[in-house]
Number of protein chains: 2
Amino acid sequence: MSDGKPARPTMEDVARHAGVSQMTVSRVMSSKGYISEKVRDKVLAAARDIGYVQNRLARGLRSEQTPLIAVVLPTLGNTVFTDVLSGITDALTQNGYRPVFGLTEYSETREETLVRDLLSWRPSGIVLTGLEHSETTRQAIRASGVRVAEIMDVDGPAMECAFGLSQKAAGQHTARHLLGKGHRRFAYAGSQNGQDLRAVKRLEGFRQTLRDAGAVMISEDVSTAPSSMVEGRRLTADILSRADQPDAIYYASDDLAAGGLMHCLSNGIDVPGTLALAGFNGLPFLNALPLQLTTVETPRYEIGLQAGRFLVSDQAQEALPDGCVDLGFTLIPGQTC
Amino acid sequence: MSDGKPARPTMEDVARHAGVSQMTVSRVMSSKGYISEKVRDKVLAAARDIGYVQNRLARGLRSEQTPLIAVVLPTLGNTVFTDVLSGITDALTQNGYRPVFGLTEYSETREETLVRDLLSWRPSGIVLTGLEHSETTRQAIRASGVRVAEIMDVDGPAMECAFGLSQKAAGQHTARHLLGKGHRRFAYAGSQNGQDLRAVKRLEGFRQTLRDAGAVMISEDVSTAPSSMVEGRRLTADILSRADQPDAIYYASDDLAAGGLMHCLSNGIDVPGTLALAGFNGLPFLNALPLQLTTVETPRYEIGLQAGRFLVSDQAQEALPDGCVDLGFTLIPGQTC
DNA sequence: ATAGAATATGTTTACGTAAACATATCGGTT
DNA sequence: AACCGATATGTTTACGTAAACATATTCTAT
């Protein structure tokens, strides 16, 4: 009665119990090929009896494919990405796939390592954030033959298919809105030390529209810390402490903008009279603020959902010429500009 | 020059290139056994040259272990769980492990299916949310021999080791605080139709303390919708529309509480004069509210981190007698009670 | 009745790796 | 000089599954 190892039952064990061959068990388990009702029931009963759990490693090894999708995100510390991950997960789960993921913390080197590592699981697809990737990363993915979905950004060529929104257009749109409200002297506040390339693209769009309209960007402050309200508050205080005062601040994210708004409320600064504020993302917590913040709402969950569906479907998505699916954005006017 | 399939290179290919045996390549790749500098370099160079990527499926199948940890969470729609997941991911990544996860949406049946499915990947550990699991789930896990970490709750016996906080104590603590402020007529507002068992335990602790103090719980409203500010606002309006008015509302979560606060502010209800409010979790967005909400802060990231570390370490955690590691909570007094 | 498909099962083999078990070479001790 | 352990590599085999290739056994149409 020694055991040491419980020795998990295999198809062979199930087969013996059910009085059939291992291959028949395999057919029942994967619902492939012809199986009679009687045998199917017998096999399933036997499997249940002895507590059989299939071995995906063996299955994947032999069949050369896995119901696994690799997901590469910068961080989970930002609602944006957990929303996207939520969408991806839902899409995958509905199709019997599972996400395996890793975080880059906005580092290209880590992305390389991570992609390589994730590919060792022989996933059938991979989700990457953004359109910018090192040649090493691209090569590894190309060589592996997995399907790729890039998310969040559609301003550029996709490896295969991208799902997101035009970050540049979002920046332009916000700028036009602020200009339309009569603002002329702008400041920008960002975080993450400019490693968030989507934020950089929004800023570029914003700048361009200002330039075209002859308005000025007084200052651009980018902290090294991750995006947070506290950071937004600090940045705002900083910006307003200088001689040259803006009449509007464009923030890289809603967190920062909300922090800015807090600073203004605490210091009796009239918003939007003296200072206008605009954020980005349309996070739900904005509804908890005393003033509705002007922001751009992004279809985060939808982006994840569609990217996930794309990877698990067999037919290619109908996309824009450059392989991008633009899911758009919505400017929420708000009361802060 | 036909290809069809790129045929990913194997250790055999690397071996041929480097002029060694496949086993030597295996030793280099897994850093096991003796390998001379010279051969190691040669093998690594060959691997790089031909773009070798190890096959984790084969490796896992043969070695009967994988650097995979299954993670079962109710949802990603709640910051609580994304924070925990963040901690888990960090702990795993630092040790060369990867999370594979699935969501239960608070359904016990889905948990069963999910656990079964995740175990088919032969992970070396699994993270479960809460201490309540069906016998089927327990049995499947026991039979698989994987290590288990249960998170969020320590009010009960753990399968192996639990990391979290006493939800009951948190409820009691909040009740005592409210009672201490002179409140006597309470209402409770929850969501998720009571499927969040941690919230139920908090409520039980809360009720018990009220009972002991001779205070009354006027009403308990639990909506079926997931927790959100909008829902909290609706629930609050509902509660206050009745004849019997409470002087304090205990919410199952900060989202709900924040919604309640919004309702009060919009309707000129004096907080905490007329009505006191208390939430749970200590979410960062509370700092964006005009009034600091009274809440209980939970060490979510830390819980994930420790649970993850526990699963990837080889020695057992030193824990409380019942296998629980209580990471505590902090009551944030705030201005709403 | 009988060919020919559709249905239902079995046998053999390979997926890529590492464990188990050799074997060979070296440096140091006696 | 003979021996031993540490170092370094090779050979064989098995992990659990499904693809490829049989082989029965039914149906169905003529």
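Both backbone and side-chain heavy atoms feed into the values below; hydrogens, waters and symmetry mates do not. Sequence lines set the chain letters: A, B, ... in the order given, protein chains first and strands last, and positions in each chain run from 1.
- Using a 4.0 Å heavy-atom cutoff across all strands shown, I35(B) reaches sugar-phosphate atoms only and no base atom.
- Of the side-chain N and O atoms in Y34(B), one or more sit less than 4.0 angstrom from OP1 or OP2 of dT7(D).
- For R62(A), no side-chain nitrogen or oxygen approaches OP1 or OP2 of dA19(D) to under 4.0 Å.
- Residue Y301(B) is tested with T82(B), D90(B), D83(B) for a side-chain hydrogen bond (donor to acceptor under 3.5 Å, both in side chains); the sole match is D90(B).
- Close to dC15(D), at under 4.0 Å from its OP1 or OP2, lies no side-chain N or O of T10(A).
- Heavy atoms of M23(B) sit under 4.0 angstrom from at least one base atom.
- Within the structure, a side-chain polar atom (N or O) of S26(B) is placed less than 4.0 Å from OP1 or OP2 of dA18(C).
- At a cut-off of 3.5 angstrom, the base of dG10(D) holds at least one donor-acceptor pair with the side chain of R27(B).
- For dA8(D), the OP1/OP2 oxygens have no side-chain nitrogen or oxygen of K38(B) closer than 4.0 Å.
- Panel note: side chain R59(B), backbone Q54(B); no donor-acceptor pair is recorded below 3.5 Å.
- Contact annotation: S36(B) reaches the phosphate of dT9(D) (side-chain N/O to OP1 or OP2, under 4.0 Å).
- Both the sub-6.0 Å distance and the 45° axial angle are satisfied by R147(B) relative to the ring of F310(B).
- Listed pair S21(A) / dT9(C) fails the phosphate criterion, with no side-chain N or O lying under 4.0 Å from OP1 or OP2.
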